[in-house]
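Everything on this sheet refers to the single structure shown next.
Bear in mind the structure is a predicted one, so any value in this text is a computation, not a measurement.
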Amino acid sequence: MERQAPFIRGDDRITHHNRDLLIALLPILVMPTLFYGWRPVLLVLTGMLTAMVCECVGCVLMRRRISVLDGYAAASGALIGAMMSPLAPMWMPVVGAIFAILVVKFPFGGQGHYLFSPAAAAVALLTQCWPHHMFTYPVLHTKLPLLWEVPAESVITATSPAGQLATGTYSVYSGVDLLTGMIPGPIAGTGLLVLAAVALYLFIRHSTFPMVTGPYILTCAVLAVLFPRASGDWYISIINELSAGYLLFAGLFLLNSCITPRSRTGRAVYGVLAGCLVMLLRHVGQFEEGTCFAVLLVNVVAPRLDNVCWRVRAFARRLWERKGVHAE
C-alpha cells in the first residue's frame, strides 16, 4: 500500500532533528554577533520564546499533551528570527512566531500534518507586510542597541548582495567577502564557508537530506550560469547568487522537514523544483529575496511527488520489460 507525504516522524526522531537544527544555528550567529552586537541573538531568542509560548497555548486549546519539549516550536521560532535583518524590530519575530504556530501549524492538526513550512509561511507574511524592515540592513561593525525598535534613520545602512543583484547594480563585494560573510544581509546570511560547515554537520547527523539540498543548490547554480545577473565569469555569478539572502539557509533548514517527500527520486525532484522557483522569483519577483515564497509553492506539490515518481518508475519498468520481451 502506497503512503503519501507528509510523513510523521517518531517523537525521538523529531527531538533529534530539532536539537540538531538549534545546534547548527549557533555558528551561524557568531558572525552577526561580532558585527552588530547581541541584537541578532536577541531577535532569534525572541522568536524562540514566543513560538514556545504559542505551542503551549495551542496544545491547551486543542486539549493535547504539551509538546514544547520536542524542540519544534523553538526551532521554528529561531529560524524565523534568523531570516530577519539585524535591524528588524523586536515585535517582528513575535508576530512571525504567532502566525507560524497558531495559524499555520495547529489549524491543520499540528506536528506532521501541516501543509506548509510554518517558518517559511511566517517569513513570507513578514516580507509581504513589512518589506522595508526585512530588507534594510546596517553596515558592518555597527553596534546596534537592544531597543524594541531601532529607527533606520539613526543607522547607516548598506545594500545587500541580493539587493544589488535585484537592481542590476555592480557588486562591490569580493569573493572573499561573500565566502566569509563580510556582507550586509539577513542574520542567516553568514557566508558560504560557515553554511558549508553547518551543512556537513547536518548531513553527518542525518538531520538534512542531501538528496534535497544537493539538487536544490545544483539547480540554483546552473540557472545562475544560464541566466546571470552578476557581471563577470560564470563562477562569479554562482557565488553571488548562492551567497545572496538566505538561499542556502533555506536549502538546509526549510526544505528538510516532515513535508519532504520520502523517496530519493521524490526528494531530488522536490529540490530541483525548489531551485527553479527560487531563481524564477529572483528574476521576476517583487522582493530582493523570495525564497520563502518558493518554499511554500513547492510545499504544495510535495505530498504528491512520491506518488507521481513511483508511478513514473513503474511505467518505465513495464515499458522496459515489454521492450525486452519483443527483443526476444
Side-chain angles (χ1 to χ4, degrees), residues 19-50 74-75 77-94 96 119 123 126 133-165 171-202 239-254 288-289 291:
R19 182 177 63 247
D20 284 342
L21 294 186
L22 291 172
I23 293 174
L25 279 174
L26 295 178
I28 291 177
L29 292 175
V30 171
M31 295 295 282
T33 304
L34 293 176
F35 293 148
Y36 307 113
W38 290 102
R39 186 177 181 82
V41 176
L42 189 57
L43 283 167
V44 172
L45 290 178
T46 301
M48 286 179 60
L49 294 176
T50 305
L79 296 182
I80 294 169
M83 285 182 281
M84 294 184 182
S85 165
L87 199 56
M90 289 297 172
W91 53 262
M92 288 190 69
V94 174
V123 175
L126 298 174
H133 290 309
M134 288 294 293
F135 302 125
T136 300
Y137 306 109
V139 297
L140 299 183
H141 306 295
T142 301
K143 297 304 178 182
L144 300 174
L146 301 180
L147 300 177
W148 183 251
E149 184 169 352
V150 179
E153 298 78 13
S154 64
V155 177
I156 301 176
T157 59
T159 305
S160 68
Q164 291 180 343
L165 289 173
S171 177
V172 297
Y173 307 109
S174 66
V176 175
D177 293 336
L178 297 174
L179 289 173
T180 58
M182 300 284 290
I183 52 176
I187 297 172
T190 321
L192 297 181
L193 295 180
V194 174
L195 289 172
V198 168
L200 181 61
Y201 168 78
L202 293 175
I239 294 176
N240 273 273
E241 290 288 359
L242 295 185
S243 60
Y246 47 83
L247 183 150
L248 285 181
F249 182 85
L252 293 172
F253 291 90
L254 296 184
E288 67 178 61
E289 180 58 279
T291 300

Looking at Pro161 and Ile183, what are the two nearest heavy atoms and their distance?
CG-CD1, 3.8 Å

Might you point out which heavy atoms bring Leu144 and Arg39 nearest each other, and give the distance in Å?
CB-CD, 3.7 Å

Would you check, one step at a time, whether the test side chain to side chain contact (heavy atoms under 4.5 Å, CB included) holds for Ile28 with Phe253?
CA-CA 12 Å; Ile28 291 177; Phe253 291 90; 3.9 Å; yes

State, to 0.1 Å, how close Pro184 and Ala158 come at their nearest heavy-atom pair, and which atoms those are.
CG-CB, 3.9 Å

Rounded to the nearest 0.5 Å, what separates atom CG in Leu79 from atom CE in Met48?
10.0 Å

Does the side chain of Glu241 come within less than 4.5 Å of Leu165's, by heavy atoms?
yes

Pairs touching residues 175-185 that satisfy side chain to side chain donor-acceptor pair (under 3.5 Å), sequence neighbours left out:
Ser174-Asp177

Note, Ile239 side chain near Tyr173 side chain (heavy atom, < 4.5 Å)
no

Please give me the minimum heavy-atom distance between Leu247 and Leu242, naming the atom from each residue.
CD2-CD2, 3.8 Å

Results of side-chain contact (heavy atoms from CB on, under 4.5 Å) for Leu200 - residues two or more places apart only:
Ile204

Please find the pair of heavy atoms, one from Ala162 and one from Gly245, that lie closest to each other, and give the distance.
CB-N, 3.9 Å

How about Leu43 and Met90: do any of their side-chain heavy atoms sit closer than 4.5 Å?
yes

Quick check: do Pro93 and Thr50 have side-chain heavy atoms less than 4.5 Å from each other?
no

Suppose we screen for side-chain contact (heavy atoms from CB on, under 4.5 Å). Which residues come up paired with Leu126, at least two apart in sequence or across chains?
Ile80, Met84, Met92, Val95, Trp130, Met134

Residue set satisfying side-chain contact (heavy atoms from CB on, under 4.5 Å) with Pro186, at least two apart, ordered chain then number -> Tyr137, Tyr246

Any pair with a residue in residues 146-163 that passes side chain to side chain donor-acceptor pair (under 3.5 Å), sequence neighbours left out, goes on the list, sorted by first then second residue, please.
Trp91-Glu149, Ser160-Glu288

What's the spacing between Leu254 CG and Met83 CE if we round to 0.5 Å?
4.5 Å

With Val30, which residues qualify under side-chain contact (heavy atoms from CB on, under 4.5 Å), at least two apart?
Leu34

Going by ring-ring contact (aromatic ring centres under 6.0 Å, His included), name the residues that satisfy it together with Phe35, two or more places apart in sequence or in a different chain.
His141

Can you list, pair by pair, the side-chain donor-acceptor contacts under 3.5 Å of residues 19-27, counting residues two or more places apart and other chains?
{"unit_1": "Asp20", "atom_1": "OD1", "unit_2": "Tyr201", "atom_2": "OH", "d": "3.1"}
{"unit_1": "Asp20", "atom_1": "OD1", "unit_2": "Arg205", "atom_2": "NE", "d": "3.2"}
{"unit_1": "Asp20", "atom_1": "OD1", "unit_2": "Arg205", "atom_2": "NH2", "d": "3.3"}
{"unit_1": "Asp20", "atom_1": "OD2", "unit_2": "His16", "atom_2": "NE2", "d": "3.1"}
{"unit_1": "Asp20", "atom_1": "OD2", "unit_2": "Arg205", "atom_2": "NE", "d": "3.3"}
{"unit_1": "Asp20", "atom_1": "OD2", "unit_2": "Ser207", "atom_2": "OG", "d": "2.6"}

Side chain proximity check, Ser85 to Pro138, heavy atoms < 4.5 angstrom:
yes

Heavy-atom closest contact (Phe249 atom, Ala82 atom, distance)
CZ-CB, 4.0 Å

